[in-house]
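A short worksheet on the structure shown next.
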Amino acid sequence: ITGCVIHSDTPPAGTFDCSHPLVNRLWLNGVWSQRDNFLSVPTDCPQRDERLGWTGDAQVFSRTASYNMDIAAFFTKWMTDVTDAQTPEGIFPDTAPRLSEGGNFVGLDGLGGAAGWADAGIIIPFMLWRVYDDTRIIDRHFDAMAAWLDYIQRANPDGIRKNELGNNYGDWLCIPSDTTFRTQSPMKTLLATAYWADDAAKLSHMARAVGRSRDAERFEAMFEQVRRAFQKEFLLPDGRLTVNTQTAYLLALAFNLLPEQMRTRAAEHLVENIKQLDWHLSTGFIGISHLNPTLTAAGRDDAAWRLLLNEDYPSWLYPVLHGATTIWERWNGWTAEEGFFNPHMNSFNHYSLGSVGEWLYRCAAGIDLDPHANGFKKFLLKPYPDSRLDYAQAHYRSIHGLIKSRWQRQGDQLTYEVTIPANTAARVYVPGDPGTPIYESGAPAEQVSGIKSLGRDGQFAVFEIPSGAYRFTSVCSLPTKNRE
């Protein structure tokens with residue numbers, strides 16, 4: 001028997017590789033789940049009698065997907081399915097195309113308006129705009145996106161999103177998991193409110209990009225209203241949240257919902273939660289894509305690496321150690337203690353939890369979007385090396401050309417090689433100990449023609465660099481013991 005792989009024409013865009021074979025397999029498992037599920041629509045799984053275009057799964061994985069493959073045409077087409085399924089009231093669907101209940105498809109009535117799922121109607125256009133610098137997607141779907149936010153505001157005038165939440169899945173398959181539909185909980189309300197705020201912020205940015213200044217101001221004001229309501233409802237004076245879950249802190253930090261002076265303490269409480277679980281994750285579908293990026297942005301890349309490299313349950317590498325060749329739907333799809341989970345809902349080919357692939361490209365290897373520039377015309381090269389790896393590298397074919405980033409270390413000597421495509425520029429962050437020199441091809445970096453030194457940013461020496469290939473060397477002492 002010969003198996004033929006069939007998927008939509010999404011050309012390969014990126015590769016990742018490092019000295020840790022299990023991490024390489026994890027990345028490849030994500031690629032395979034993407035190939036298996038990107039068939040006309042981004043399905044949840046290719047094997048059971050569901051195979052629906054679940055919007056939550058798609059939005060969580062979309063940035064990882066954009067690094068792995070060129071998904072511009074694929075998601076542009078799918079956004080037409082999403083808006084086609086929007087109701088006259090403005091409700092975006094939980095699945096697109098939207099199916100009518102009946103026959104073999106029962107038990108998921110409504111299939112619209114769920115927080116983290118229906119919000120894909122704004123998250124996916126925002127991703128396409130940021131990654132591919134395509135404003136046409138904004139113009140095409142602006143009215144639909146505005147209608148969605150207006151619907152949420154009509155239903156929740158006080159700024160807390162607790163009404164009209166559809167099936168209200170919450171942080172689906174978190175640990176411990178809550179798989180009830182149409183129920184309320186403080187965590188589900190926090191999650192929904194956070195996504196409303198983030199939707200408004202994203203649409204404000206997109207409105208400004210297409211010259212809709214009044215709409216930009218309107219949705220920025222909506223963001224601020226929801227942000228104030230979020231703080232009043234969920235934030236305590238010591239920086240803790242009234243809902244003590246990893247995902248609660250992740251969303252509050254990732255979506256800029258906290259006062260600046262509270263962010264450090266909130267990040268400390270997030271790490272405290274992880275430590276209380278013996279340095280293990282507990283996030284579900286919604287929180288998982290934010291876990292390692294948010295820890296890294298908060299200065300705890302050590303915790304992000306620790307979570308990535310855990311090999312016992314629950315962790316990303318636990319399925320890999322037990323033979324996984326694609327991403328599992330559940331952390332406990334199979335465990336040594338319990339065996340297989342109930343086959344009624346236990347897929348072994350679901351890409352959502354593989355959204356850590358974004359972090360592998362952005363932080364482990366270091367290829368990232370500039371926060372103020374779209375389409376990798378200007379971008380960041382900022383890797384976070386770890387002492388347990390000898391090297392990590394990624395290639396990414398952006399719309400402007402091939403970007404390369406590779407770091408390798410021998411003891412405390414680090415070599416960082418980068419390639420910046422023609423007609424682009426990058427801000428390059430070279431890991432190195434403070435007070436030690438940075439060299440490029442053997443010469444002091446600040447003396448090399450075209451390289452502009454921007455000083456230091458913590459553990460990095462920072463440079464503004466035009467197109468070309470460069471080889472930096474530095475002294476980079478990495479901790480060999482876990483930070484508690």
Strictly by modelled atom types, are [X] and [Y] linked by a side-chain donor-acceptor pair under 3.5 Å?
X	Y	result
Arg25	Asn29	yes
Glu484	Trp279	yes
Asp36	Tyr351	no
His280	Asp312	yes

Would you say Arg471 has more than 12 foreign heavy atoms packed within less than 6.0 Å of its CZ?
->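 Open.
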
Count the heavy atoms belonging to other residues, nucleotides or ligands that lie under 6.0 Å from NZ of Lys378, then report whether that count exceeds 12.
->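 No, not enclosed.
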
Measure from the side-chain N and O atoms of [X] to the backbone N and O of [Y], and report whether any donor-acceptor pair falls under 3.5 Å.
X	Y	result
Trp196	Asp119	no
Trp331	Thr283	yes
Tyr391	Asp17	no
Ser204	Ala201	no
Thr64	Ser355	yes
Ser474	Cys476	no

Strictly under 6.0 Å, is that where the ring centroids of Trp316 and Trp27 end up?
->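 That pair fails the under 6.0 Å test.
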
Ring centroid separation Phe460 to Tyr384 under 6.0 Å =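 Centroid separation for Phe460 and Tyr384: below 6.0 Å.
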
Apply the test salt bridge (charged side-chain N to carboxylate O under 4.0 Å, His left out) to residues Lys77 and Asp81: give CA-CA distance (whole Å), side-chain angles for both, the deciding distance (0.1 Å), then the verdict.
-> CA-CA 7 Å; Lys77 175 267 174 191; Asp81 296 334; 2.6 Å; yes

Flag the pair [X] / [Y] as yes when at least one side-chain heavy-atom distance between them is below 4.5 Å, and no otherwise.
X	Y	value
Asp301	Gln459	yes
His400	Asn423	no
Leu235	Phe230	no
Pro385	Leu414	yes

Nearest 0.5 angstrom please: [X] [atom1] to [Y] [atom2], how far?
X	Y	atom1	atom2	result
Leu28	Arg35	CG	CZ	9.0 Å
Arg406	Ile367	CZ	CD1	13.0 Å
Trp117	Trp172	CH2	CH2	7.5 Å

Could you list the donor-acceptor pairs under 3.5 angstrom formed by side chains in residues 320-327, with sequence neighbours left out?
from: His322; atom 1: ND1; to: Tyr318; atom 2: O; distance (Å): 2.9
from: Thr326; atom 1: OG1; to: Phe348; atom 2: O; distance (Å): 2.4

For [X] and [Y], work out which heavy atoms get closest and say how close.
X	Y	answer
Asn273	Ser282	OD1-OG, 4.4 Å
Lys202	Phe126	CE-CD2, 3.5 Å
Glu358	Ser289	OE1-O, 4.3 Å
Ala254	His290	CB-ND1, 3.8 Å

For a ring pair (Phe, Tyr, Trp, His ring centres under 6.0 Å) with Tyr396, tell me which candidate from Tyr67, Phe16, Phe379 qualifies.
->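 Going through Tyr67, Phe16, Phe379 one by one, the ring pair (Phe, Tyr, Trp, His ring centres under 6.0 Å) with Tyr396 is satisfied by Tyr67 alone.
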
